[in-house]
Each structure stands twice: as structure tokens, then as C-alpha cells.
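All values below were derived from every heavy atom in this structure, side-chain atoms included, with hydrogens, water molecules and symmetry-related copies excluded. Just so it is clear: chains get the letters A, B, ... in the order the sequence lines come, proteins before strands, and each one is counted from 1.
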There are 2 protein chains.
Amino acid sequence: MAETNSTNDAVRVGTQAQEVAGLLIGDIISGRLSQGSRISEPELSRKYGVGRGPLREAILKLEGAGLVVRAPHVGARVVTLTQTELSEIFAVREALEGMAARLAATRMSDQQLLDLESLLKTHASHIHEHSGQSYIDQEGDLDFHYRVINGSCNQRLIRSLCDELYHLIQMYRKTSGRRARPEEALAEHQMIFKALKDRDGELAEMLMRRHISRARREIEQFIDSNNQPMS
Amino acid sequence: MAETNSTNDAVRVGTQAQEVAGLLIGDIISGRLSQGSRISEPELSRKYGVGRGPLREAILKLEGAGLVVRAPHVGARVVTLTQTELSEIFAVREALEGMAARLAATRMSDQQLLDLESLLKTHASHIHEHSGQSYIDQEGDLDFHYRVINGSCNQRLIRSLCDELYHLIQMYRKTSGRRARPEEALAEHQMIFKALKDRDGELAEMLMRRHISRARREIEQFIDSNNQPMS
DNA sequence: AACAAAAATATTGTAAACAATTTCTATGGC
DNA sequence: GCCATAGAAATTGTTTACAATATTTTTGTT
């Protein structure tokens with residue numbers, strides 16, 4: 001009768017190291033492990049119930065993703081994003097995701113476009129109902145961008161954006177209780193969608209770049225207004 | 001005297017894992033470990049004279065860089081680049097390095113520009129002397145691109161390009177004995193340099209994108225002409 | 001002889017013990 | 001009272017041994 005594994009999770013999907021890496025990523029991008037937190041091997045080893053070997057592998061993986069930084073003989077910490085680094089991330093994201101939008105305009109299937117359209121409708125109704133709060137804002141935004149990125153059909157591009165940059169962006173969003181602007185974002189998403197539907201790659205790229213550039217400026221502004229009273 | 005370390009290398013700079021990772025990268029991008037080669041832990045553990053722990057860490061690191069692929073309980077292999085993957089890499093490189101050129105146009109110091117100019121002069125004389133062969137072609141090309149990338153002053157961009165994409169490109173260049181076209185490349189480098197010197201970011205980006213796009217088409221052509229007789 | 005199944009081998013994944021380095025703490029001197 | 005230094009504790013780096021999985025070889029059957 002449903003003999004479970006050693007952990008109370010579902011059946012083991014891969015190796016312990018992979019599982020712990022997933023848990024660690026979740027703890028970081030959810031904010032349970034805040035920026036700059038020490039990653040103690042013995043402590044987390046006990047917490048996750050695995051040996052130090054698999055845990056070290058997980059840490060190594062996260063280091064490759066840029067979520068933690070390590071110093072020899074000193075240990076690992078959750079990365080601390082400065083404003084400069086966050087701006088750099090968004091600058092790279094702008095170039096990469098602009099390219100993704102351009103490719104997606106010619107490569108997305110009709111079905112993918114229909115799905116994207118219904119996603120936007122769902123998002124719109126949620127905004128009207130709850131007058132622009134709730135989790136759907138962050139998640140919906142992510143969902144839209146993930147679909148466009150995947151629509152590019154460029155595996156390397158997908159990996160760079162989803163496995164590296166977006167983890168960092170999610171981490172920042174959670175740790176800084178910044179309020180998004182769902183109405184404006186939705187309007188921009190709808191314009192991007194129209195360009196995709198029209199198979200207009202140039203326009204899709206330009207709109208996506210402006211969309212991300214706008215988000216970057218908001219963040220820079222937010223940080224500025226928050227750093228001031230902390231001095 | 002000069003009491004050396006356990007290995008005959010210079011003094012240990014970091015940890016064994018880091019050192020082995022460097023050696024592994026060297027073996028891969030030099031072609032000593034060709035594409036698709038098995039990465040046997042016991043074998044390489046003996047070869048490099050370290051335990052399996054540090055070697056595994058090195059493999060993990062290379063997996064993060066995209067140089068090796070791992071399968072659970074099966075092992076690691078040097079990545080095999082298909083034409084599709086190579087095209088994808090160059091597409092991403094085009095977007096990223098175009099951005100780097102645009103940023104470099106406004107951010108490179110006058111001294112950096114002078115150094116870049118002298119590098120191009122050195123490169124030109126080498127081509128005229130040896131009529132376009134010798135190692136300087138590959139190395140010189142890399143050197144030029146590295147300087148422009150670093151001129152962007154965007155650390156994340158630098159890391160993406162130098163630590164991930166360029167390793168893969170170097171690997172491909174070595175394993176496929178493809179001949180470069182140093183004269184054409186130099187001419188294009190000189191045009192890019194002029195745009196940088198004029199602080200014309202838009203032009204620098206466009207020229208860099210065309211330069212890389214051209215290289216991509218050459219590679220695609222080369223692969224096509226090589227894959228045909230192998231069918 | 002060819003195929004399938006089962007045992008043997010080898011390799012990877014994991015845990016535990018040891019070594020080396022760093023960090024914290026306490027003691028002594030100024 | 002403060003700083004420097006020496007020792008102790010804790011953590012990371014590394015090796016070794018063990019367990020689990022995959023691959024290969026062997027053996028038996030059709």
C-alpha cells in the first residue's frame with residue numbers, strides 16, 4: 001500500500017544530489033534562504049537528511065547557476081545581488097529575451113499561440129477580479145515569458161534564460177517585497193502577443209526589449225528609493 | 001631548492017578540484033579529449049593523481065559550463081556538438097557579443113583602445129609574414145574578441161561569453177580541423193575597431209553581429225560539405 | 001547459430017572517517 | 001581596557017570504503 005521512499009516525497013526521480021539541488025533552489029528563490037545566508041554543509045546535510053557528498057554536488061550545481069558563491073576553505077553563501085549586478089542581469093536578459101521573441105514570432109506553432117492567448121485572457125480576468133494583486137501576477141508574468149522563450153526553439157537560449165537568469169530574478173522578487181504592476185505588464189504582454197501572432201519578429205523583439213527595459217528602470221528606481229533611508 | 005608541490009606544476013593556487021577542472025578544460029578544448037569521449041572517474045582519477053571526490057567536483061563544474069553531459073548511474077561524456085547546437089551557440093553569441101561591442105564603444109578606456117590597435121597591427125604583420133597560417137590566427141582572433149567583451153564592463157556578459165560559449169567554440173575549432181580565414185577576419189576586426197574608436201556603439205554592434213553571423217554561415221557550410229561524403 | 005536470461009564485473013552514487021585550513025575563543029602582555 | 005598571539009573548535013577539502021545501478025559476459029534454450 002503505497003510504500004513510500006525514505007523521504008516523504010514522491011518516488012525518487014533521480015539521484016539524491018539532484019533532489020537536494022531542487023530543494024535548495026526552491027529555498028533560495030522562495031526567500032527561505034535569504035541573500036547572503038551561509039550554506040553550512042553539516043547543517044543542511046542534517047536538514048535534508050543526506051550525506052555531505054550529495055549536498056556538495058548540489059551546492060556545486062547552484063554555484064554554476066550563479067545562485068551561490070563559494071570561497072575555498074570558507075564555504076558557500078547565497079549570492080547577494082547588488083544593484084549593479086541586477087542591472088547587468090537585466091541588460092543581458094533584454095538582449096537574450098529580445099532575441100527569443102524574434103525567433104518565437106516565426107517558430108511558435110499556431111497551437112502555442114492559441115494557448116498563449118488563453119493564458120493572457122485568464123490573466124486579464126484575474127486582474128479585474130482581484131483588482132491586481134494575488135500570486136497570479138508574478139506567476140502569470142513568469143508563465144508568459146517562459147512560453148515565449150520556449151517558443152524560440154533555441155535550446156541554449158532557453159537554458160541560459162530559464163536555468164540561470166530567471167532563478168536570480170525570482171530570488172530578487174521574493175526577497176525584495178517589491179510590488180509589480182500587473183496592469184501595465186499585461187498590456188505590454190498583449191502587444192507582444194499581437195506581434196507574435198502577426199509573425200512580426202522585428203516588432204516582437206522591440207516590444208520585448210522595451211518591456212524588459214521598463215522593468216529594469218523600475219527596479220533601479222525602487223532600489224534607489226530604498227537605499228536612501230538605509231544610509 | 002625550490003620545493004615544489006606534489007605535482008610538478010607551480011605552487012597550488014586553489015583546491016585540487018579547481019586545478020583538475022582547469023586541466024580537464026585544457027584537455028577538452030585542445031582536443032586531447034575528443035567529443036563524445038567517456039569521462040571515466042577511476043581512469044581520470046589515476047591520470048590526474050587525485051581521489052574521485054575532487055574529480056567529481058571538476059566534472060560537475062564542467063557540466064555547468066556545458067562542456068560535458070552526465071547521465072545518472074551511467075557517467076559523463078564530453079559533449080558532442082551537433083550542427084544545430086553549434087548554430088544555436090552562434091546565434092546566442094551574436095546577440096551577446098553584439099551587445100558587448102555596443103557597450104564597449106562607450107566604456108572602453110583610451111588605453112584599452114590603444115592596446116587593441118597595437119594588437120591588430122601585430123596581427124596584421126604576422127599575417128603578411130607567414131601568409132596567413134600559424135597559431136596566431138586562432139589565438140589572435142580570440143584575443144580580439146576577449147578584449148572587446150571585457151571592454152563591455154558587464155561581468156555577467158563576460159562570464160556568459162568567456163566561461164561558457166567560448167570554451168565550446170574553442171573545442172569545436174580544435175576537433176574540426178577547420179581552416180580560418182585570417183585576412184577577412186582581420187579586415188572585419190579593423191572595421192569594428194574603428195567603430196569602437198569613434199565611440200559608435202550602434203555601428204560596432206552591427207559590425208560585430210555581421211562578423212559573427214558570417215562565421216556561423218561558414219561553419220554551417222563547412223559542416224554541410226563534410227557531412228555529405230560521410231552518408 | 002541466434003536470442004534471452006542470469007550471473008559477474010565494473011562504474012557510479014553515497015556514507016563515513018581523516019587531513020588541512022579557517023575562524024572563534026581565551027589568555028597574556030602592554 | 002585593548003590588542004596581539006596562541007590554542008581550541010568547527011568547517012571545508014580529501015581519501016577511503018560501501019551500496020546501488022548499469023553494463024558486460026556467460027550460459028542455457030530454442
Side-chain angles (χ1 to χ4, degrees), chain A residues 3-25 27-28 33 36-65 67-80, chain B residues 3-25 27-28 33 36-65 67-80:
Chain A
E3 178 83 84
T4 57
N5 243 327
S6 59
T7 75
N8 55 1
D9 296 332
V11 290
R12 170 69 39 73
V13 56
T15 162
Q16 286 191 37
Q18 291 174 325
E19 187 172 336
V20 170
L23 292 173
L24 257 180
I25 289 176
D27 282 351
I28 292 177
L33 262 56
S37 299
R38 250 192 79 75
I39 308 270
S40 166
E41 292 182 10
E43 179 187 338
L44 292 184
S45 179
R46 282 191 302 274
K47 175 178 175 183
Y48 293 126
V50 298
R52 269 181 59 211
L55 185 74
R56 272 177 81 89
E57 282 202 19
I59 293 175
L60 261 291
K61 189 180 172 68
L62 290 239
E63 186 191 21
L67 281 174
V68 310
V69 290
R70 285 200 324 154
H73 298 280
V74 172
R77 309 188 86 92
V78 179
V79 70
T80 301
Chain B
E3 179 82 84
T4 57
N5 243 326
S6 58
T7 74
N8 53 1
D9 297 333
V11 290
R12 170 69 39 76
V13 57
T15 162
Q16 286 190 38
Q18 291 173 325
E19 186 172 338
V20 171
L23 292 173
L24 257 180
I25 290 176
D27 282 351
I28 290 176
L33 261 58
S37 299
R38 247 192 83 71
I39 309 271
S40 166
E41 292 183 8
E43 178 186 339
L44 292 185
S45 179
R46 284 191 301 273
K47 176 177 174 183
Y48 293 126
V50 298
R52 267 182 59 212
L55 185 74
R56 272 177 81 89
E57 283 202 19
I59 292 174
L60 261 290
K61 189 179 171 69
L62 289 239
E63 185 191 21
L67 282 174
V68 310
V69 290
R70 283 200 326 154
H73 298 280
V74 172
R77 310 188 84 93
V78 179
V79 69
T80 302

**Request:** Let me know which of Ile59(B), Leu24(B), Val79(B) forms a side-chain contact (heavy atoms from CB on, under 4.5 Å) with Val68(B).
**Result:**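 The passing option is Ile59(B).
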**Prompt:** Considering the options Ile25(B), Thr15(B), Leu55(B), which one meets the side-chain contact (heavy atoms from CB on, under 4.5 Å) requirement together with Val20(B)?
**Reply:**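 Exactly one option meets the side-chain contact (heavy atoms from CB on, under 4.5 Å) with Val20(B), and it is Leu55(B).
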Excluding sequence neighbours, so at least two apart, what forms side-chain contact (heavy atoms from CB on, under 4.5 Å) with [X]?
{"X": "Pro72(B)", "result": "Gln18(A)"}
{"X": "Ala65(B)", "result": "none"}
{"X": "Ser40(B)", "result": "Pro42(B), Glu43(B)"}

Nucleotides 5-11 of chain C: which of its N/O atoms have a protein N/O under 3.5 Å away?
unit_1: dT11(C); atom_1: O3'; unit_2: Arg38(B); atom_2: NH2; d: 3.3

**Request:** Starting from the 5' end of DNA chain C, give me the residue, Pro72(A) or Glu57(A), whose nearest nucleotide shows up first.
**Result:**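 It is Glu57(A) whose nearest nucleotide is closer to the 5' end.
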**Request:** Would you please confirm or rule out a distance under 4.0 Å between OP1 or OP2 of dT12(C) and any side-chain N or O of Thr15(A)?
**Result:**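 For Thr15(A), the contact criterion (side-chain N or O under 4.0 Å from OP1 or OP2 of dT12(C)) is not met.
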Once you round it to whole Å, what is the distance between [atom2] of [N] and [atom1] of [X]?
{"X": "Arg46(A)", "N": "dA10(D)", "atom1": "CZ", "atom2": "C1'", "result": "12 Å"}
{"X": "Leu55(A)", "N": "dG13(C)", "atom1": "CG", "atom2": "C1'", "result": "15 Å"}
{"X": "Gln18(A)", "N": "dT12(C)", "atom1": "CD", "atom2": "C1'", "result": "12 Å"}
{"X": "Leu60(B)", "N": "dG13(C)", "atom1": "CG", "atom2": "C1'", "result": "12 Å"}
{"X": "Arg70(A)", "N": "dT21(C)", "atom1": "CZ", "atom2": "P", "result": "17 Å"}

For nucleotides 15-19 of chain C, which of its nitrogen or oxygen atoms have a protein nitrogen or oxygen under 3.5 Å away, and what is each distance?
unit_1: dA15(C); atom_1: OP2; unit_2: Gly51(A); atom_2: N; d: 2.7

**Complete:** Given Watson-Crick and G-U pairs under 3.5 Å, DNA chain C in dot-bracket ([ ] crossing, | other strand) is ||||||||||||||||||||||||||||||
**Partner set under side chain to side chain donor-acceptor pair (under 3.5 Å) for Ser37(A), not counting sequence neighbours** =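 Ser34(A).
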**Prompt:** For the side chain of Arg77(B) and the backbone of Val69(B), is there at least one donor-acceptor N/O pair under 3.5 Å apart?
**Reply:**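 Looks like no, no N/O pair under 3.5 Å.
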**Item:** Shortest non-hydrogen separation from Ser45(B) to Gly51(B) and the atoms involved
**Value:**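 Answer, listing the atom of Ser45(B) first, then Gly51(B): OG-C, 3.5 Å.
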**Prompt:** Nearest 0.5 Å, what's the CG-CD1 distance between Leu33(A) and Ile39(A)?
**Reply:**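 So the CG of Leu33(A) and the CD1 of Ile39(A) are separated by 5.0 Å.
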**Asked** Roughly how far apart are Tyr48(A) OH and Gln16(A) CD, rounded to 0.5 Å?
**Response**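 Going from the OH atom of Tyr48(A) to the CD atom of Gln16(A) covers 13.5 Å.
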**Prompt:** Listed by chain and number, what are the salt bridge (charged side-chain N to carboxylate O under 4.0 Å, His left out) partners of Glu41(B), not counting sequence neighbours?
**Reply:**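 Per chain and number, Glu41(B) pairs via salt bridge (charged side-chain N to carboxylate O under 4.0 Å, His left out) with Arg52(B), Arg56(B).
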